[in-house]
There are 2 protein chains.
Amino acid sequence: MDDPLVCVVDDDDAVRLSMSLLIETLGLPVQSFASALDVLADEEALRQAHCLVLDVRMPGLSGVGLQERLSRLGHPLPIIFVSAHGDVPMVARAMREGAFDFLQKPFNEQVLLDRVQEAVQFAAAQRAARGWLAEIQARIDSLTARESDVMAGMVAGRLNKQIAEGLGISIKTVEQHRARVMEKLQVDSLAELVRLVVGVGWSAESKNGQ
Amino acid sequence: MDDPLVCVVDDDDAVRLSMSLLIETLGLPVQSFASALDVLADEEALRQAHCLVLDVRMPGLSGVGLQERLSRLGHPLPIIFVSAHGDVPMVARAMREGAFDFLQKPFNEQVLLDRVQEAVQFAAAQRAARGWLAEIQARIDSLTARESDVMAGMVAGRLNKQIAEGLGISIKTVEQHRARVMEKLQVDSLAELVRLVVGVGWSAESKNGQ
DNA sequence: GCCAAATTTAGCGATATCACCAAATCCGGC
DNA sequence: GCCGGATTTGGTGATATCGCTAAATTTGGC
């Protein structure tokens, strides 16, 4: 369910086919699309996709348009643009927006293969990291409101006494919550907790204030 | 000593002058160079530089060549390329290597100004972050070998007893070092220490092993 | 209204940490 | 050989944390 998939998008049937065949020589599964909208419609493919090989100029939604849509969906996916009509501003814009590369047709086949391989590798690493963050985030989300409050105090380096004072509750209660936080986060030291929590980009803006 | 400086590099005197004058309308100090090598030779300018406006095609060292040199020197500096002869592979390469933008001549003056302003702002933020990291790193470097060992244990979440056991010393010694670590790092809680230390990308590869 | 979960508080004993103190030893440089 | 910093160990008392158990109260949903 997490196999790398390469999606090729080009409105030219011949080009699409030849690129697909070429990339398949890497041993990677390839799915091809005739338009950018077809890609957006295929959620399954988007989930599996580790790399997008995208023609810039296409009828309907352009390659750059698709890039923008995906970006807005918070769907970080390495995109390799391929174009015969690329001009400087277009390339610069695409790259600024995070494109993985921009190749000009006719391109060297080996270059495309190399870039695709790099992109897939990059995406795989990115997915692994994302999965780990999601796991941690899930643990944090499993905390109750009060437990979150206490965790904030712990990460801030406050003593139980100070946390209790800040929340207007007794030290014993804080101890109780503290123990449950450690349990739910599956850590057995404050240091581990802090590393976990700062690792997911936590700061103190979830839903607590004290 | 940390004033933003914009460096303009172009072998064409007229272009160099007009770009310099244009950028100066932003109220930023500008220094212009006729060749890439001149920039590399001016260490003072490189220190002050918050942004490089660089012609790609120049006799001697090219703009891309300069970018590569600076990159190898570990000198992260936002570079805005300006070129009349930009082709797709060149732009893609420059952007992949971290260029801030790539503008084609003749360019819209306002676009250049906007990008320069963004780049300077970016560089300023980057410098601030770098300065902070350097400050923390200096504190960590001021630790003695043994103190570093103990700090590693603290960040790893080990108890003083375990650290002592691992290092083959008494708990009392660990407590002593621990106190000095907190003092030197200027923190007053373990949580703060961990945040500081993981913030500088520390992991356990400095010079300790236990 | 009842049930389940969340929140709250408590006691107790074992451990750990903290903040002082003082001092012996070791090692490299002048 | 002497000096200073680094490393080491010890004492003592106050505080804090940990792990366990137990239970009262509140809250929200069926």
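To find a chain, count down the sequence lines: A is the first, B the second, and so on, and within it residues start at 1.
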Within this structure, what is the [atom1]-to-[atom2] distance between [X] and [N], rounded to whole angstrom?
X	N	atom1	atom2	result
Arg180(A)	dC18(D)	CZ	P	15 Å
Arg158(A)	dT17(D)	CZ	C1'	18 Å
Asp188(B)	dA16(D)	CG	P	14 Å
Ile171(B)	dA16(C)	CD1	C1'	9 Å
Leu190(A)	dT17(D)	CG	C1'	11 Å
Glu175(B)	dA23(C)	CD	P	19 Å
Met182(A)	dC18(D)	CE	C1'	10 Å
Asn160(A)	dT9(C)	CG	P	13 Å

Original post:
With a 4.0 Å cut-off on heavy atoms, is Ser170(A) in touch with a base, just the backbone sugar-phosphate, or nothing at all?
Top reply: sugar-phosphate
The side chain of [X] lies closest to which of these nucleotides: [options]?
X	options	value
Ala145(A)	dT17(D), dT7(C), dT8(C)	dT7(C)
Gln176(A)	dA6(D), dT9(C), dG19(D)	dT9(C)
Leu159(B)	dA16(C), dT8(D), dT8(C)	dA16(C)
Arg146(A)	dT8(C), dC18(C), dT8(D)	dT8(C)
His177(A)	dA19(C), dT17(D), dT7(C)	dT7(C)
Arg178(A)	dT17(C), dT17(D), dT9(C)	dT17(D)

Original post:
Are any of the side-chain nitrogens in Arg115(B) or Glu118(B) under 4.0 Å away from the carboxylate oxygens of its partner?
Top reply: yes
Subject >> Arg180(B) and Glu175(B) ion-paired at < 4.0 Å >> reply: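 Between Glu175(B) and Arg180(B) there is no salt bridge, as every charged N stays at least 4.0 Å from the carboxylate O atoms.
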Original post:
Quick one: is dT9(C) close enough that its OP1 or OP2 comes under 4.0 Å of any side-chain N or O from Thr173(A)?
Top reply: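 For Thr173(A), the contact criterion (side-chain N or O under 4.0 Å from OP1 or OP2 of dT9(C)) is met.
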Original post:
Any side-chain N or O of Lys161(A) under 4.0 Å from OP1/OP2 of dA16(D)?
Top reply: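 Yes, such a contact exists.
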**OP:** Look at atom CD of Glu43(A) and say whether more than 12 heavy atoms of other residues, nucleotides or ligands are closer to it than 6.0 Å.
**Re:** no
**OP:** Report yes or no: does Glu147(A) contribute a side-chain atom to a donor-acceptor pair with the main-chain N or O of Thr144(A) at less than 3.5 Å?
**Re:** yes
Original post:
With distance as the sole test, does His50(B) use its side chain to make a donor-acceptor pair with the main-chain N or O of Gln48(B) at under 3.5 Å?
Top reply: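 Indeed, once roles are kept as given, a pair shorter than 3.5 Å links the two residues.
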Original post:
With nearest nucleotides of DNA chain D determined for Ser142(B) and Val174(B) from heavy-atom distances, which residue corresponds to the more 5′ nucleotide?
Top reply: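 On the 5' side of the pair lies Ser142(B).
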Original post:
So, does the side chain of Lys172(A) form a donor-acceptor pair with the base of dT21(D) at under 3.5 Å?
Top reply: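 Not at all, since no donor on one side and acceptor on the other fall under 3.5 Å apart.
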